Amino acid sequence: MSIKVSNITKLYGEQKALHNVSFEIKSGEVVGLLGPNGAGKSTLMKIITCFIPPTSGNVSVCKFDILEQSIEVRKRVGYLPENNPLYLDMYVREYLEFIAGIHKLGDKIKERVDLMIDITGLEVEHKKKIGALSKGYRQRVGLAQALIHDPEVLILDEPTSGLDPNQIVEIRNLISKIGKEKTVMLSTHIMQEVEAICHRAIIINKGIIVADALTDQLSTQFFNRSIITVEFDKEVNINLLKAIEGVQKITKIKGNTLEIECESKKDLRQDIFNFAVKNQLSVLTIHKEEEKLEKVFHELTKK
């Protein structure tokens, strides 16, 4: 087990940032930690990475306790904080050599720095000062420093925050590539991030875990429905369509395009085709989808 969190509670004065949080992450998993701003995501990551202690509870990383064996934990964890603190006056290569020295990589420093520059796409920029880089390339430097010591676990706090769309895609692709070899936990409040990168999602709200499931199972776990979008060639009698067993709700989108809410356990597309034939209609398009992760997130964190 790469990460084991057991009954973690964190108090800041009288404010409870985390309350009795527990979960486990296996080796090789890519897990998204989801939650609105202020939900406790960063606090949890700081505890896992030994930056702050919990008020109560236990955390182990690669079977090492964060309080009693923090140095062993730090050796095995790569951490990219949300604000990505970097020495802006240092050159990219110089900075990575400095970080490698902190990790006491010795005669492996040049080899590891060259590899990090290669896999994070810093070849063109590695001779520049960090302060002269775009935010996207600064994030790459942050990822390179987190990976320089070849950790087993990678913790990323809002890794694409503030990036433009092209930079977001590049960083996501890089994280996906890294995730094939390491255990990755990343925090975000962007649903597309989780759908694009993560195998599993943990949703936290007001310091409490409200959901923990595989990303493709979250919708069916919390909503007993699916959506079928269908376009007919002409106007439909909605009351007749509602009579199909399993149809819960019909919404007219535009023209002859309808959104049909159905029981998730039953695929009604064949019934809709049969309805069209019976009523001399043609189906121009039809598409079935589960409730989107964004909807699940909203429902679980709106209170």
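From a predicted model like this one, the values you see are computed outputs, not experimental measurements. These numbers come from the heavy atoms of this one structure, side chains and all, not from hydrogens, waters or symmetry mates.
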Ser2 side chain vs Cys62 backbone, donor-acceptor pair below 3.5 Å: no
Evaluation steps, side chain to side chain contact (heavy atoms under 4.5 Å, CB included), between Val5 and Val21: CA-CA 7 Å; Val5 176; Val21 170; 4.3 Å; yes
Crowding at CD, Glu123 (>12 non-hydrogen neighbours, <6.0 Å): yes
Considering all heavy atoms, the nearest Thr160-Gln139 contact: N-NE2, 4.2 Å
Check: Asn20/Thr9 side-chain N/O donor and acceptor closer than 3.5 Å: no
Check: Asp65/Ser60 side-chain N/O donor and acceptor closer than 3.5 Å: no
Face-on cation placement of Lys10 at Tyr12 ring, 6.0 Å and 45° thresholds: yes
Nearest atoms (heavy-atom pairs only) where Phe232 meets Ala276: CE2-CB, 4.0 Å
Check ion pair Lys108-Glu111 (N to O, under 4.0 angstrom): no
Residues Asn274, Gln270; criterion side-chain hydrogen bond (donor to acceptor under 3.5 Å, both in side chains); working and verdict: CA-CA 6 Å; Asn274 293 340; Gln270 185 61 57; 3.1 Å; yes
From CD1 (Ile8) to CZ (Phe23), nearest 0.5 Å: 9.0 Å
Arg112 side chain to Leu147 backbone, donor-acceptor under 3.5 Å: yes
Considering all heavy atoms, the nearest Pro151-Gly78 contact: CB-N, 3.5 Å
Test log, rule side-chain hydrogen bond (donor to acceptor under 3.5 Å, both in side chains), inputs Glu152 and Thr183: CA-CA 6 Å; Glu152 297 172 46; Thr183 301; over 6 Å; no
Test item: Arg138 side-chain N/O and Leu133 main-chain N/O as donor-acceptor pair under 3.5 Å: yes
Identified side chain to side chain contact (heavy atoms under 4.5 Å, CB included) partner of His103 from the options Asp150, Ile148, Ile109: Ile148
Shortest non-hydrogen contact from Asn84 toward Gly142: OD1-CA, 3.5 Å
Exam field: side chain Lys41 to backbone Pro36, donor-acceptor pair closer than 3.5 Å: yes
Cation-aromatic face contact Arg93/Tyr91, 6.0 Å, 45 degrees: no
Between Thr215 and Glu195, a side-chain donor and acceptor under 3.5 Å: no
Donor-acceptor under 3.5 Å (Thr55 side chain, Leu11 main chain): yes
Residue pair His149 / Lys75: nearest heavy atoms and the distance that separates them: CD2-O, 3.1 Å
Main-chain N/O of Thr120 paired with Arg140 side-chain donor or acceptor, under 3.5 Å: yes
Check: Asp118 side chain, Asp114 main-chain N or O, donor-acceptor pair, under 3.5 Å: no
Sidechain-backbone polar pair: Arg172 side chain, Ala196 backbone, donor-acceptor under 3.5 Å: no
Intermediate values then yes/no, side chain to side chain contact (heavy atoms under 4.5 Å, CB included), Asp233 and Asn256: CA-CA 7 Å; Asp233 65 329; Asn256 297 316; over 6 Å; no
Name of the residue among Leu143, Val113, Val141 meeting side chain to side chain contact (heavy atoms under 4.5 Å, CB included) with Leu122: Val141
